[in-house]
Asks: 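Questions regarding the structure given below will be posed in turn.
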Amino acid sequence: MNSNEQPQKPAYLRPSWDEYFLKLADSVASRATCDRGRSGCVIVKDRQILVTGYVGSPRGLAHCDDVGHLMKKTVHENGSVTQHCVRTVHAEQNAITQAARRGIALDKSTLYCRMTPCRTCAMLIINCGIERVVCERKYHAGAESEAMFKEAGVLLEFIHDEVQQYDQQ
């Protein structure tokens with residue numbers, strides 16, 4: 001290379017729309033108030049953000065980060081036991097309630113989140129008309145949600161085909 005030549009920079013690769021919105025959901029997650037699942041959610045229609053939500057306690061109630069977790073054990077039919085923090089509202093639920101508070105219809109929108117929504121979130125997603133869900137990874141107890149989405153005709157896509165790991169799973 002002579003002194004007049006500039007080194008070539010690698011070409012910039014713009015993220016796909018899905019990558020872009022998942023990165024935004026990760027940024028939204030930074031506001032979460034439960035360290036077990038700092039999760040965020042972005043709901044989009046026609047490539048425009050409608051609402052966001054993150055894991056956190058209901059308005060006016062104490063946060064896990066301030067007073068600790070409120071853990072409940074669930075014994076499943078197969079005998080396995082899982083633990084869940086019930087102090088917080090899930091990111092998907094918070095995004096949907098924000099839309100309701102603001103009068104924003106979610107029909108035919110896409111939801112971006114960290115992992116397969118839980119059963120309760122899946123039911124809310126189906127009932128508010130969201131037609132596509134894009135997750136970074138799978139939820140260890142997401143099979144029932146996956147089946148409900150399939151039956152309801154909600155498209156469910158995973159960026160990584162692995163289970164999301166987190167503390168006290």
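Position 1 is the first residue of the sequence, and the numbers go up from there.
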Asks: Checking R114 side chain against L22 main chain: does a donor-acceptor pair fall under 3.5 Å?
Replies: no
Asks: With a 3.5 Å distance limit and no angle check, can you tell me whether N78 reaches the backbone of S80 through a side-chain donor-acceptor pair?
Replies: yes
Asks: Tell me if a side-chain donor or acceptor on S57 pairs with a main-chain N or O of A62 at a distance below 3.5 Å.
Replies: yes
Asks: Are I125 and M123 joined in one hydrophobic group, where the rule is that I, L, V, M, F, W and Y side chains link up if heavy atoms are under 4.5 Å apart?
Replies: yes
Asks: Checking the side chain of T33 only, and the main-chain atoms of H63 only, is there a donor and an acceptor separated by less than 3.5 Å?
Replies: no
Asks: Taking the basic N atoms (NZ, or NE/NH1/NH2) and the acidic carboxylate oxygens, is any pair closer than 4.0 Å for K108 and E131?
Replies: no
Asks: Below 4.5 Å, heavy atoms only, C-beta onward: do I49 and L24 meet side chain to side chain?
Replies: yes
Asks: What verdict does the side chain to side chain contact (heavy atoms under 4.5 Å, CB included) test give for I159 and C135, after you've listed the backbone C-alpha separation in whole Å, the side-chain angles of each residue and the deciding distance to 0.1 Å?
Replies: CA-CA 6 Å; I159 301 303; C135 310; over 6 Å; no
Asks: Is there a side chain to side chain contact (heavy atoms under 4.5 Å, CB included) between V133 and E157 once you walk through the steps?
Replies: CA-CA 6 Å; V133 176; E157 298 175 26; over 6 Å; no
Asks: Short question: side chain of S109, backbone of K45 - any donor-acceptor pair under 3.5 Å?
Replies: no
Asks: Using the rule that Ile, Leu, Val, Met, Phe, Trp and Tyr join whenever any side-chain heavy atoms are under 4.5 Å apart, tell me whether L106 and V154 fall into a single cluster.
Replies: yes
Asks: Do T52 and I43 have side chains that get closer than 4.5 Å, going by heavy atoms?
Replies: no
Asks: Answer yes or no: are there more than 12 heavy-atom neighbours, outside D66 itself, under 6.0 Å from its atom CG?
Replies: yes
Asks: Indicate yes or no: at least one non-hydrogen side-chain atom of F149 is less than 4.5 angstrom from one of P117.
Replies: yes
Asks: So, do H69 and R36 sit near enough that their side-chain heavy atoms are less than 4.5 Å apart?
Replies: yes
Asks: With distance as the sole test, does R38 use its side chain to make a donor-acceptor pair with the main-chain N or O of A32 at under 3.5 Å?
Replies: yes
Asks: Rounded to the nearest 0.5 Å, how far apart are SG of C113 and CZ of R137?
Replies: 12.5 Å
Asks: Taking C-beta and beyond as the side chain, do T110 and I130 meet within less than 4.5 Å on heavy atoms?
Replies: no
Asks: How far does OG of S145 sit from CE of M115, to the nearest 0.5 angstrom?
Replies: 11.0 Å
Asks: Using the side chain to side chain contact (heavy atoms under 4.5 Å, CB included) rule, take K138 and E146 through it: C-alpha gap first, then chi angles, then the decisive distance, then the call.
Replies: CA-CA 10 Å; K138 293 186 173 200; E146 291 179 33; 4.2 Å; yes
Asks: Please answer: with hydrophobic residues joined when any side-chain heavy atoms are less than 4.5 Å apart, are L111 and V42 in the same cluster?
Replies: no
Asks: Would you compute the distance between atom SG of C128 and atom CG of D107 and round it to the nearest 0.5 angstrom?
Replies: 8.5 Å
Asks: Give a yes or no on whether F158 atom CZ has more than 12 heavy-atom contacts from other residues, nucleotides or ligands under 6.0 Å away.
Replies: yes
Asks: Could you please spell out the steps behind the side chain to side chain contact (heavy atoms under 4.5 Å, CB included) verdict for D26 and E136?
Replies: CA-CA 10 Å; D26 280 341; E136 284 187 52; 2.8 Å; yes
Asks: Kindly work out whether a path of hydrophobic side-chain contacts (I/L/V/M/F/W/Y, heavy atoms less than 4.5 Å apart) joins I96 to M148.
Replies: yes
Asks: Can you tell if the side chain of E92 reaches within under 4.5 Å of the side chain of T120, non-hydrogen atoms only?
Replies: no
Asks: Are any non-hydrogen side-chain atoms of L156 and K150 less than 4.5 angstrom apart?
Replies: no
Asks: Is it the case that one hydrophobic cluster holds both V44 and Y20, taking links as side-chain heavy atoms less than 4.5 Å apart, direct or via other members?
Replies: yes
Asks: Between W17 and F21, how do the two ring planes meet: parallel, tilted or perpendicular, split at 30° and 60°?
Replies: parallel
Asks: Please determine, by modelled atom types, if D18 and S16 share a side-chain donor-acceptor pair under 3.5 angstrom.
Replies: no
Asks: Do you see a donor-acceptor pair shorter than 3.5 Å between the side chains of S39 and H90?
Replies: no
Asks: Could you walk me through whether H84 and T82 pass the side chain to side chain donor-acceptor pair (under 3.5 Å) check?
Replies: CA-CA 7 Å; H84 302 274; T82 56; 2.9 Å; yes
Asks: Determine whether C41 and V28 make a side-chain contact, defined as any pair of heavy atoms from C-beta on separated by less than 4.5 Å.
Replies: no
Asks: List the atom of T88, the atom of C34, and the distance in Å for their closest heavy-atom pair.
Replies: CG2-CB, 3.7 Å
Asks: Indicate yes or no for a side-chain donor-acceptor contact from T97 to the backbone of Q93 under 3.5 Å, with no hydrogens or angles considered.
Replies: yes
